[in-house]
Amino acid sequence: MADASSKVTTASLRGRKGGEKIAVVTAYDVAFARLADEAGLDVILVGDSVGMVVQGESSTLPVTLDEMVYHTRIVSRGARRAHLVADLPFMSYQASLEDGLRAAGRLVKEGRAEAVKLEGGVRVAELVRRLVDAGIPVMGHVGMTPQSVHQFGGFKLQGRTDEQRARILEDARAVADAGAYAIVIETVPRALAAEVTRAVPAVTIGIGAGRACDGQVLVMHDLLGLEPGWKPRFVRRYAELGQAAGAAFKAYADDVRAGRFPSDEESYD
Ligand code: KIV
């Protein structure tokens with residue numbers, strides 16, 4: 001059982017390969033980061049999913065590096081025990097190794113991230129090596145990688161065909177060989193995620209990838225039910241905060257309109 005007071009590091013996470021499962025959640029601001037940290041989550045990921053769940057975009061592609069730095073910095077103020085990872089956004093690392101190094105440097109230096117996550121396998125392996133050489137821990141991300149949504153033709157299950165299966169395995173091995181300490185495996189058949197988990201020394205973190213992975217990640221808004229109309233198969237809702245917030249807003253508006261808020265006790269003499 002992990003000690004609730006000790007700081008989670010890449011070393012302690014690596015030590016959980018095949019052992020106690022790793023619990024990861026996304027966060028985008030200090031209030032929820034603090035709640036997740038105090039609840040004992042192992043890793044807080046500032047995902048580029050911020051583009052969809054916070055900014056209302058239909059994909060993660062419009063998110064900028066400046067926005068990721070901003071969200072990472074505010075999350076860092078609430079993440080004390082948890083290990084803090086930030087996503088490298090689309091086109092901050094695809095054009096050149098130098099772009100990737102500088103972008104990751106900003107997430108660590110200005111955002112206070114303790115590791116960066118990037119999508120891809122073989123094609124990003126050299127960047128992973130260079131980042132690790134520079135002292136920046138890297139979390140990989142294979143399978144249904146949202147920054148390639150247009151190449152996939154939607155957020156679709158990957159790894160069904162022999163060719164896709166072989167590519168995903170090769171990608172995971174490439175980033176692990178390059179030094180990644182962890183790899184997110186997204187929306188693939190659970191047998192493939194199990195095979196990847198056995199094949200790499202890095203800890204695997206699944207989302208829509210079954211329970212054989214070394215850990216699981218969920219987007220905070222999905223887990224908390226903040227978007228009541230959205231529930232893909234791989235999401236389990238642990239709360240219905242969207243409904244609770246809607247009801248609270250309505251009760252407040254009713255009280256204001258009826259003159260019930262504020263009361264004398266809520267006013268100054
Ligand atoms: O951006 C994100 O939130 C992610 C997770 C879904 C793994 O990449």
**Prompt:** Taking 4.0 angstrom as the limit, do E170 and R167 come out as a salt bridge?
**Reply:**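 The answer is no: the pair does not qualify as a salt bridge.
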**Request:** Could you pull out the closest heavy-atom pair between M144 and Q158, with the gap in Å?
**Result:**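 Result for this residue pair: CA-CG, 3.7 Å.
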**Item:** From CG (L107) to NE2 (H71), nearest 0.5 Å
**Value:**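 Here the rounded value is 12.5 Å.
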**Message:** As a quick check of understanding, evaluate side-chain contact (heavy atoms from CB on, under 4.5 Å) for F152 and T145, giving each step before the final call.
**Reply:** CA-CA 9 Å; F152 296 145; T145 44; 3.6 Å; yes
**Request:** May I ask you to check whether over 12 heavy atoms, not counting those of R77, lie within 6.0 Å of atom CZ?
**Result:**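 Counting other residues, nucleotides and ligands, CZ of R77 exceeds 12 neighbours.
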**Asked** Linking I/L/V/M/F/W/Y whenever any side-chain heavy atoms sit under 4.5 Å apart, do M52 and M220 land together?
**Response**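 No, separate clusters.
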**Prompt:** Got D42 and H83 here, is their nearest side-chain heavy-atom distance under 4.5 Å?
**Reply:**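 No, too far: nothing below the 4.5 Å cut-off.
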**Atom pair CD1 (I183) and CD1 (I168), whose distance is rounded to the nearest 0.5 Å** =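 Answer for the CD1-CD1 pair, I183 versus I168, is 12.0 Å.
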**Item:** Check against salt bridge (Lys or Arg N to Asp or Glu O under 4.0 Å), E195 and R198
**Value:** CA-CA 5 Å; E195 196 179 349; R198 285 192 299 273; 5.5 Å; no
**Message:** Let me check something: do Y70 and L45 share a hydrophobic cluster, defined by ILVMFWY side-chain heavy atoms less than 4.5 Å apart, either directly or through other members?
**Reply:**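 No, separate clusters.
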**Item:** For the student: nearest non-hydrogen atoms of R16 and I22, plus distance
**Value:**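 In this case the closest contact between R16 and I22 is NH2-CA, 3.7 Å.
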**Prompt:** Between E110 and T72, is any pair of side-chain heavy atoms under 4.5 Å apart?
**Reply:**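 Not touching, per the 4.5 Å side-chain cut-off.
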**Message:** Is there a continuous path of hydrophobic side-chain contacts, each under 4.5 Å between heavy atoms, that joins W230 to I207?
**Reply:**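 Result: no, two separate clusters.
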**Message:** Strictly distance-based, threshold 3.5 Å: is any side-chain N or O of R14 a donor or acceptor partner for the main-chain N or O of A202?
**Reply:**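 No; judged by distance alone, with no hydrogens or angles, the pair does not exist.
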**Student check: side-chain heavy atoms of Y93 and V116 closer than 4.5 Å** =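 They are not in contact (no side-chain heavy atoms under 4.5 Å apart), so the answer is no.
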**Request:** Output yes when a side-chain donor or acceptor of E114 lies under 3.5 Å from a complementary backbone atom of L84, and no otherwise.
**Result:**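 Yes: the side chain of E114 pairs with the backbone of L84.
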**Message:** Keeping D29 on the side-chain end and F32 on the backbone end, is there a donor-acceptor pair under 3.5 Å?
**Reply:**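 Answer holds: yes.
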**Message:** Salt bridge or not between K17 and D214? Use side-chain N to carboxylate O under 4.0 Å.
**Reply:**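 Looking at D214 together with K17, the answer is yes, because their closest N to O distance falls below 4.0 Å.
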**Prompt:** Minimum heavy-atom separation for C213 to T204, with atom names?
**Reply:**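 Result for this residue pair: CA-OG1, 3.4 Å.
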**Request:** Supply the atom-to-atom distance Q55 CD to D48 CG, rounded to the nearest 0.5 angstrom.
**Result:**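 Those atoms lie 10.0 Å apart.
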**Message:** Test side-chain contact (heavy atoms from CB on, under 4.5 Å) on V138 and V175; report intermediate values, then the result.
**Reply:** CA-CA 9 Å; V138 178; V175 289; over 6 Å; no
**Item:** L157 side chain reached by P189 side chain, heavy atoms, under 4.5 Å
**Value:**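 Counting from C-beta outward, P189 and L157 do come under 4.5 Å.
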**Request:** Using the side-chain contact (heavy atoms from CB on, under 4.5 Å) rule, take L169 and V196 through it: C-alpha gap first, then chi angles, then the decisive distance, then the call.
**Result:** CA-CA 6 Å; L169 255 172; V196 171; 4.1 Å; yes
**Message:** Within the supplied structure, the quantity of interest is the number of heavy atoms (other residues, nucleotides, ligands) at a distance under 6.0 Å from R190 CZ; does it exceed 12?
**Reply:**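 It does not: R190 CZ has 12 such atoms or fewer within range.
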**Message:** With heavy-atom distances below 4.5 Å as the criterion, would you say the side chains of E119 and V124 are in contact?
**Reply:**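 Side chain of E119 against side chain of V124, heavy atoms only: no contact under 4.5 Å found.
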**Prompt:** With no hydrogens and no angle check, is any side-chain donor or acceptor of D37 less than 3.5 Å from a backbone partner on R81?
**Reply:**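 Checked: pair present.
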**Request:** Give a yes or no on this: more than 12 heavy atoms of other residues, nucleotides or ligands lie within 6.0 Å of atom OH of Y252.
**Result:**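 Count not over threshold, so no.
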**Item:** Distance-minimising heavy-atom pair for P146 and F155
**Value:**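 For P146 versus F155, the nearest heavy atoms are CB-CE2, 4.0 Å.
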**Message:** Could you measure the distance from the CZ atom of F234 to the CD atom of E186? Nearest 0.5 Å is fine.
**Reply:**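 These two atoms lie 6.5 Å from each other.
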**Asked** What heavy-atom pair brings R73 and S76 nearest, and what distance separates the two atoms?
**Response**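 Smallest interatomic distance, heavy atoms only, reads O-OG, 2.7 Å.
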**Message:** Are the side chains of V85 and I44 in contact, using a 4.5 Å heavy-atom criterion?
**Reply:**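 SC-SC contact between I44 and V85 ruled out.
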**Item:** Cationic N near anionic O, under 4.0 Å, R102 to E98
**Value:**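 A salt bridge links R102 with E98.
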**Item:** Euclidean distance, L88 CG relative to M139 CE, rounded to 0.5 Å
**Value:**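 It is 12.5 Å, given to the nearest 0.5 Å.
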**Trace of the side-chain contact (heavy atoms from CB on, under 4.5 Å) decision for V50 with E67** = CA-CA 9 Å; V50 69; E67 289 164 349; 5.8 Å; no
**Prompt:** Considering residues, nucleotides and ligands other than R80, do more than 12 of their heavy atoms fall under 6.0 Å from its CZ?
**Reply:**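 Open: at most 12 neighbouring heavy atoms sit under 6.0 Å from CZ of R80.
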**Prompt:** So do L223 and V25 actually touch side chain to side chain, heavy atoms under 4.5 Å?
**Reply:**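 They are in side-chain contact.
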**Nearest-0.5 Å distance that lies between atom CG in L131 and atom CG in L97** =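 Reported value, rounded in 0.5 Å steps: 8.5 Å.
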**Request:** Step through the shown structure and confirm whether more than 12 heavy atoms of other residues, nucleotides or ligands are within 6.0 Å of CD on Q151.
**Result:**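 Open.
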**ILVMFWY network linking L41 to V30, side-chain heavy atoms under 4.5 angstrom** =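 The answer is no; the residues belong to distinct hydrophobic clusters.
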**Message:** Quick check: do R123 and Q94 have side-chain heavy atoms less than 4.5 Å from each other?
**Reply:**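 R123 reaches Q94 side chain to side chain.
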**Message:** Tell me whether L61 shares a hydrophobic cluster with L65, the cluster being built from Ile, Leu, Val, Met, Phe, Trp, Tyr side chains joined at under 4.5 Å.
**Reply:**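 Unlinked, L61 and L65 end up in two clusters.
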**Message:** Going by salt bridge (Lys or Arg N to Asp or Glu O under 4.0 Å), name the pairs with one or both residues in residues 239-250, residues two or more places apart or in two chains.
**Reply:**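 Applying salt bridge (Lys or Arg N to Asp or Glu O under 4.0 Å) to every pair that reaches into residues 239-250, excluding sequence neighbours, yields R237-E240, K250-D254.
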**Item:** Shortest non-hydrogen separation from K117 to H141 and the atoms involved
**Value:**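 Heavy atoms of K117 and H141 come nearest at NZ-ND1, 2.7 Å.
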